[in-house]
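What follows is a single structure, written as structure tokens, with notes after it.
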Amino acid sequence: MTNLSGRRVQAARNDGTILAAARDVFLEDPKAPIAAVAERAGVGISALYRRYKGKDDLLRTLCHDGLRTYIAEAEGAAAEADGWSALVRFLRGVVDADVHSLTVHLAGTFTPTPQMRADAVRAGDLAGDLVARAHEDGTLRPDVVVADVTLILEACAAIRVPGRERTAELRRRHLALMLDGMRRADGAALPGPPPGAAELNWRWAQSRQPAQRDATE
């Protein structure tokens, strides 16, 4: 029993190493072969294939983990007493977790599972609830919609400089600037109509290149 438990612990540790390596590799190059992940993780390609059927499976796992983190941050923020505090906590949590860096890079490069699609709907509903609460409080400017929040999170994720701590610091700084802009304003309305669902989802509908289906070569 002890040996079995030890093997499970080691397997979990190896899996964490593989996922961390995959995240770094695919942030640098979404088209990188799965062999690059094994090399970065310091494991044999056979060890990687024992856990994941191929690149698609690995990409789905990475993005689904990010989606679950997003949901967890939204659920935790919902416990805040007022709507503005809940929205701010949610945005800060998602930015600090760096959810969008990877999902934006990988959109359209794999086929999501039905469960991922269901979780994406739930994530959107939770974010919509947080935005609605902030509107009800009267603290969020009335022309901000949940799709704006998505683009704000993507904008923060786009900030990347040498050094993870400095990157995180700059993301928090610019989120603070954007939060100030999101507060209720009685002046001029925001320019142009808000982003639509089709504009946010177009990346996921792109045709995948054959080389991306299981880039093992």
Side-chain angles (χ1 to χ4, degrees), residues 15-34 36-41 48 52 55-77 87-113 116-117 119-124 126-127 130-131 146-179 181-182 195 197 199-206 208-209 212 215:
D15 198 44
T17 300
I18 289 170
L19 290 175
R23 180 179 175 82
D24 290 342
V25 165
F26 294 134
L27 274 175
E28 294 170 7
D29 180 10
K31 297 181 180 180
I34 199 170
V37 175
E39 182 179 359
R40 181 75 64 93
L48 195 153
Y52 303 98
K55 185 175 179 180
D56 264 19
D57 196 24
L58 184 53
L59 295 179
R60 276 191 289 266
T61 299
L62 286 170
C63 283
H64 206 171
D65 283 351
L67 187 55
R68 292 187 185 104
T69 298
Y70 183 101
I71 289 171
E73 292 294 341
E75 290 175 337
L87 183 60
V88 169
R89 174 177 164 179
F90 165 65
L91 291 173
R92 287 174 176 166
V94 173
V95 168
D96 284 346
D98 195 16
V99 169
H100 285 73
S101 289
L102 195 63
T103 53
V104 170
H105 268 65
L106 299 183
T109 64
F110 66 91
T111 304
T113 64
M116 288 182 71
R117 295 185 187 281
D119 284 347
V121 171
R122 173 160 175 72
L126 288 168
L130 292 172
V131 168
V146 68
D148 289 312
V149 169
T150 298
L151 294 184
I152 286 169
L153 290 170
E154 290 188 12
C156 289
I159 298 171
R160 187 172 298 277
V161 298
R164 291 189 179 186
E165 286 303 317
R166 181 57 177 153
T167 293
E169 186 176 53
L170 286 174
R171 287 174 177 172
R172 294 184 193 113
R173 175 185 175 88
H174 283 267
L175 175 60
L177 288 171
M178 286 186 272
L179 284 169
M182 291 169 65
E199 292 172 307
L200 295 183
N201 295 332
W202 70 271
R203 289 164 299 199
W204 293 98
Q206 292 182 95
R208 301 164 61 230
Q209 298 299 319
Q212 292 177 313

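Since we're looking at a predicted model, the values are computed, not measured.
For the atom pair Cys156 SG and Asp96 CG, the distance stands at 10.0 Å (nearest 0.5 Å). In this structure, the separation between CD1 on Ile18 and OH on Tyr52 is 6.5 Å, given to the nearest 0.5 Å. Rounded to the nearest 0.5 Å, atoms CZ (Arg60) and OG1 (Thr111) are 6.5 Å apart. Atom NE2 in His174 sits 13.0 Å away from atom CG in Leu179 (nearest 0.5 Å). The distance from atom CG of Leu102 to atom CG of Leu27, rounded to the nearest 0.5 Å, is 5.0 Å.
For the side-chain hydrogen bond (donor to acceptor under 3.5 Å, both in side chains) test, residues two or more places apart in sequence or in another chain that qualify with Glu169 are Arg166. Under the ring-ring contact (aromatic ring centres under 6.0 Å, His included) criterion, Phe26 pairs with no residue at all, not counting sequence neighbours. Among residues two or more places apart in sequence or in another chain, the side-chain contact (heavy atoms from CB on, under 4.5 Å) test is passed with Val146 by Ala127, Val131. For Asp57, there are no side-chain hydrogen bond (donor to acceptor under 3.5 Å, both in side chains) partners two or more places apart in sequence or in a different chain. By the side-chain hydrogen bond (donor to acceptor under 3.5 Å, both in side chains) test, His100 is found to be paired with no residue, residues two or more places apart in sequence or in another chain being considered. Every side-chain contact (heavy atoms from CB on, under 4.5 Å) that Ile152 has, sequence neighbours left out, goes to Leu175, Met178, Met182.
Between Val37 and Ala21, the shortest heavy-atom distance links the atoms O-CB, 3.9 Å. Of all heavy-atom pairs spanning Arg117 and Pro112, the tightest one is NH2-CD, 3.7 Å. Closest non-hydrogen pair, Ala97 versus Thr69, comes out as CB-CG2, 3.7 Å. The two residues Ala74 and Leu126 come nearest to each other via the heavy atoms CB-CB, 3.7 Å. Of all heavy-atom pairs between Ala36 and Val25, the closest is O-CG2, 3.9 Å.
Using a 3.5 Å distance cut-off with no hydrogens or angles, the side chains of Ser101 and Arg171 do pair a donor with an acceptor. Neither side chain, Tyr70 nor Asp65, offers a donor N or O lying under 3.5 Å from an acceptor on the other.
At a threshold of 4.0 Å, the pair Arg122-Glu75 counts as salt-bridged, since one of the basic side-chain nitrogens sits closer than that to a carboxylate oxygen. Comment: Asp24 engages Arg164 in a salt bridge, judged by a side-chain N to carboxylate O separation of less than 4.0 angstrom.
Annotation: side chain of Met116 is in contact with side chain of Thr113 (closest heavy-atom distance under 4.5 Å). You'll find the side chain of Ile159 stays beyond 4.5 Å of the side chain of Arg172, heavy atoms only. With contacts defined as side-chain heavy-atom distances shorter than 4.5 Å, the pair Ile34/Glu39 does not qualify. Taking 4.5 Å as the limit, some side-chain heavy atom of Asp148 sits within range of a side-chain heavy atom of Pro195. Val88 is listed as a side-chain neighbour of Arg92, based on a closest heavy-atom distance under 4.5 Å.
Panel note: side chain Thr17, backbone Ala41; no donor-acceptor pair is recorded below 3.5 Å.
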Give the intermediate values and the outcome of side chain to side chain contact (heavy atoms under 4.5 Å, CB included) for residues Leu19 and Leu62. CA-CA 7 Å; Leu19 290 175; Leu62 286 170; 4.0 Å; yes
Candidate pair Asp98 and Arg160, rule side chain to side chain contact (heavy atoms under 4.5 Å, CB included), full reasoning: CA-CA 11 Å; Asp98 195 16; Arg160 187 172 298 277; 4.0 Å; yes
Test side chain to side chain contact (heavy atoms under 4.5 Å, CB included) on Arg40 and Glu28 and set out the steps. CA-CA 12 Å; Arg40 181 75 64 93; Glu28 294 170 7; 2.9 Å; yes
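Around CZ of Arg89, the count of heavy atoms belonging to other residues, nucleotides or ligands within 6.0 Å exceeds 12. Remark: Arg173 CZ is loosely packed, at most 12 non-hydrogen atoms of other residues, nucleotides or ligands lying under 6.0 Å away.
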